Amino acid sequence: MKMPAVKYQKGEKVMGRWPGSNLYYEVKVLSFDSMSQLYTVIYKDGTELELKEQDIKSAAGFQARSRSRSRSRSPGRRRSRSRSPARTTRRSSSRTAAAVAAAAITDSVPSSRRETRLKDTLETTAPENNSNNKHETLEEKQKEENNTTTKVYETYLEAEPEKNQARYNLRRRKDDGAAKEVTAKPEQLEVEEAKKAVAPIATLTTQLDFGGKLGAYFWLLFLPAWVLFLIIQVNLEDPSLANFPPPLPPLEAFLDAQALAFVILWIAFQAMLYILPVGKLSEGMPLMSGERLKYRTNGFFAIVVSAVVVAVALHQGLDLTYIHSHFLQLAVATFLIATLLSVYLYVRSRYAPQEQLALGGNSGNVVYDFFKGHELNPRIKDFDLKFFCEMRPGLIGWCLINFAMALAEMKQQNLEAPSNSMILVNLFQLLYVVDGLWNEEAILTTMDLMHDGFGFMLAFGDLVWVPFTYTMQAYYLVRHPNPLSFPALTAIVILKLVGFYIFRKSNSEKNAFRRNPSDPKLSYLKTIPTATGKSLLVSGWWGVIRHPNYLGDLLMALAWSLPCGFSHLLPWYYMIYFIILLVHRDSRDMSECRRKYGSAWDEYCRTVRYRIIPCVY
Ligand SMILES: NC(=O)C1=CN([C@@H]2O[C@H](COP(=O)(O)OP(=O)(O)OC[C@H]3O[C@@H](n4cnc5c(N)ncnc54)[C@H](OP(=O)(O)O)[C@@H]3O)[C@@H](O)[C@H]2O)C=CC1
Ligand SMILES: CC(C)=CCC[C@@H](C)[C@H]1CC=C2C3=C(CC[C@@]21C)[C@@]1(C)CC[C@H](O)C(C)(C)[C@@H]1CC3
């Protein structure tokens, strides 16, 4: 069989396209892999990538074309015609190819800097294929108008993020040691290569979160103990810390077969609602492999059906105050289930294919990996365990428990209706959950779904922590009434609504942008392109602070604790925990984004200086 000729030879200097952009840089061909039909090239900054032939142009042809086209262009353009990437580097020797790509900035940078950067973009653009021609026409226009500049350029980049992902090997060849050899048939190569492109490498996780291996031991013991402590302490007549430690109930009081049966029934019921072919099938964000998973986003339907079923059961004489009187046993039963689930998740993560693993959770330490979780989207057929656990039994269970606490309060305090404080806590948290389920699709662009492995931390968090500690305010109010004056009530409601508005608007803005960056409704937003092909919002909510959604969430958390008054610290536990959680989450996210977006992220951080509270933090 005659082998096709290799177009570019080893050592040859050619122009290689930078992944996710239309920028071409001088690169040297290192090798050609006839199996995958990919060239390994090295950029001037030392980056080694694998490129397809169509993303390489011969240097001579590239310059000739640039020159002839430049002649017919504006003087500004002509002046720069012979500029090579090398010259770009000379002007600012520290700028790498990645940095230049990332710095093809938007309207947000001061105009002088913008011009300089725009030049980089224009001068290195190749005119070869149709899309490039389209690009170029747009650029010409931009140059003439000189005000919308790279916005158009960027829209073009963003229009094809998946294509970009599939076409480049973003993995540095230098790190390639652990990659498997390609043994697939030629027709499979395209897909296999796309998968290989950004698949995580089977290296050990070295950067450990949550206090590392020792931290994992600590959290594994502390988190369940803290839940038990809260439940026992808050139920004391005087839950103040002066009564710490609370008297421990006898061991047999922790376990209750009936409570376990209720929990299993509840989870099974939610699982049944989840798999019903009702509601939208939403697409998740592209995975490392380029694939997009489908999720049944019928959470709102699930909570409505659950409410109807609970109402019918109440009508039939079900005593929901059982939840209050057996809170401890229900929590222990749920903890057992979460632990079993985590063991299952740990075991299956050991057998999961490379491309389905999260970056973390592979430290080699069983306890740490069990705690952190390693498989990104563990599924049984189409049943997504992480999505289900995060959005259903715990979240809807939270509302059920709150409602049960309102009934228990009426029973305990001989009331005809729940107190105002209890009503506020119930309504506020119901709004939070219903909103989360109504906008269920938005969870697909959050950190948990996109980056974190599913292990004990999330399984326990979703199934135990959320329903049994987020309900602490309602649980507290059952035995510790806190009457509210009308002005206090009004102020708390306003605070909740302001927080909710910020939370919802900012989450929706990011979600809409991530789903369709070229959505005309978002065209007013300024963005920073990054070398990955994705952009970062730098105006709108995400231009005010780096985590506007956290700010809204924190204001809401404040509104949930205020109805409990200031007599005790425990109903404020959620507020304190949430500040710690979000500050830690923000720093985790910062490191992750810096790793992903490099200098573009630094540019974002320089532009948007504050993390969660404007002008403060
Ligand atoms: N009640 C609770 O217990 C909890 C509630 N939450 C809430 O859940 C929601 C989701 O939170 P979380 O997942 O932590 O984080 P975010 O929804 O804020 O997601 C962070 C990701 O958003 C993307 N991003 C960051 N900055 C920008 C930008 N400028 N432009 C575009 N995209 C950007 C990045 O991902 P990429 O670039 O890869 O798309 C980043 O990794 C929040 O509202 C939070 O308050 C969170 C934790 C607990
Ligand atoms: C201490 C410990 C075990 C922490 C685990 C953290 C989890 C409890 C939280 C991580 C992210 C969460 C989110 C929600 C609930 C809490 C957990 C699971 C969330 C589902 C609540 C409802 C919101 O509308 C939300 C969908 C935005 C939110 C997403 C993140």
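The basis for the numbers below is simple: all heavy atoms, side chains too, and nothing from hydrogens, waters or symmetry mates. Fair warning: this is a prediction, and the values are worked out from it, not measured in the lab. We count ligands from 1, going down the list as the structure has it; atoms in each ligand are counted the same way.
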Sole candidate of Lys386, Arg588, Arg585 that passes salt bridge (Lys or Arg N to Asp or Glu O under 4.0 Å) when paired with Asp452 = Arg588
Does Trp398 have its ring centroid less than 6.0 Å away from the ring centroid of Trp266?
-> no
Nearest-neighbour protein heavy atom for atom 43 (O) of ligand 1, which is reported as residue plus atom name and distance | Asn507 ND2, 2.9 Å
Can you pull out the closest protein heavy atom to atom 13 (C) of ligand 2? Residue, atom name and distance to 0.1 Å, please.
-> Glu390 OE2, 3.5 Å
Ligand 2 atoms in contact with Asp448 (distance to a heavy atom under 4.0 Å) | 10 (C), 11 (C)
For ligand 1, which atoms sit closer than 4.0 Å to a heavy atom of Met450?
-> 35 (O), 36 (P), 38 (O), 39 (O)
Min heavy-atom dist Val466 to ligand 2 below 4.0 Å | yes
Have a look at ligand 2 and work out which part of Asp462, if any, has a heavy atom under 4.0 Å from it: side chain, backbone, both or neither.
-> side chain
What protein heavy atom sits nearest atom 22 (C) of ligand 2, and how far away is it?
-> Tyr432 CE2, 3.7 Å
Quick one: sort the Phe387 and Tyr295 rings into parallel, tilted or perpendicular, breaks at 30° and 60°.
-> tilted
In terms of residue, atom name and distance, what is the protein heavy atom nearest to atom 1 (C) of ligand 2?
-> Trp465 CE2, 3.7 Å
State the atoms of ligand 1, each with its element, that fall below the 4.0 Å cut-off from a heavy-atom position in Tyr597.
-> 36 (P), 37 (O), 38 (O)
For Lys596, the ligand 1 atoms with a heavy-atom partner under 4.0 Å come out as 35 (O), 36 (P), 37 (O), 38 (O), 41 (O)
Salt bridge (Lys or Arg N to Asp or Glu O under 4.0 Å) with Glu440: which of Arg392, Arg296, Lys280?
-> Arg392
Ligand 1 to Trp542 polar contact by distance, N or O atoms, under 3.5 Å = no
Taking only heavy atoms of Met457 into account, list the atoms of ligand 2 that are under 4.0 Å away from them.
-> 3 (C)
Parallel, tilted or perpendicular for Tyr604 and Trp601, by the 30°/60° rule?
-> tilted
Under-4.0 Å heavy-atom contact with ligand 2, by part of Asn439 that carries it | neither
Ligand 1 versus Arg514, non-hydrogen atoms closer than 4.0 Å: side chain, backbone, both, neither?
-> side chain
With heavy atoms only and a cut-off of under 4.0 Å, state how Ser506 meets ligand 1: side chain, backbone, both or neither.
-> neither
Tyr604, Tyr550, Phe503, Trp601: member with heavy atom nearest to atom 11 (O) of ligand 1 | Tyr550
Could you tell me which atoms of ligand 1, counted from 1 in the order shown, lie closer than 4.0 angstrom to a heavy atom of Leu581?
-> 47 (C), 48 (C)
For Leu536, counting its heavy atoms only, list the atoms of ligand 1 lying under 4.0 Å from any of them.
-> 27 (C), 28 (C), 30 (N)
N-O pairing of Asp602 and Arg594 below 4.0 Å = yes
Report yes or no: does a heavy atom of Lys534 sit under 4.0 Å from some atom of ligand 1?
-> yes
Compute the ring centroids of Tyr610 and Tyr617, then answer whether they are less than 6.0 Å apart.
-> no
Side chain, backbone, both or neither: Arg585 near ligand 2, heavy atoms under 4.0 Å | side chain
What are the atoms of ligand 1, with element, lying closer than 4.0 Å to any heavy atom of Asp589?
-> 20 (C), 21 (C), 40 (C), 41 (O)
May I ask you to identify the nearest protein heavy atom to atom 27 (C) of ligand 2, giving residue, atom name and distance to one decimal place in Å?
-> Phe503 CZ, 4.0 Å
Note: heavy atom closest to atom 13 (O) of ligand 1, options His547, Met447, Met590, belongs to Met447
What atoms of ligand 2 come closer than 4.0 angstrom to any heavy atom of Gly436?
-> 24 (O)
Does the pair Glu509/Arg504 count as a salt bridge with the N-to-O cut at 4.0 Å?
-> no
Between atom CE of Met575 and atom CE of Met556, what is the distance when rounded to the nearest 0.5 Å?
-> 11.0 Å
Is Trp541 near ligand 1, meaning one of its heavy atoms is under 4.0 Å from it?
-> no
Looking at the rings of Tyr470 and Trp560, which for Trp means the six-membered one, are their centres under 6.0 Å apart?
-> no
For atom 9 (C) of ligand 2, which protein heavy atom lies nearest, and how many Å away is it?
-> Tyr470 OH, 4.5 Å
For atom 5 (C) of ligand 1, state which one of Asp553, Asp448, Asn549 supplies the nearest heavy atom.
-> Asp553
Sole residue of Thr469, Val227, Leu223 in side-chain contact (heavy atoms from CB on, under 4.5 Å) with Val464 = Val227
Can you find an N/O atom of Tyr470 closer than 3.5 Å to an N/O atom of ligand 1?
-> yes
Contact atoms of ligand 1, heavy-atom distance to Tyr432 under 4.0 Å = 1 (N), 2 (C), 5 (C)
Quick note on ligand 2: atoms under 4.0 Å from a heavy atom of Ile443 include exactly 26 (C), 29 (C)
Check ligand 1 against Phe578 and write out every atom of the ligand that is under 4.0 Å from a heavy-atom position of the residue.
-> 1 (N), 2 (C), 3 (O), 4 (C), 5 (C), 48 (C)
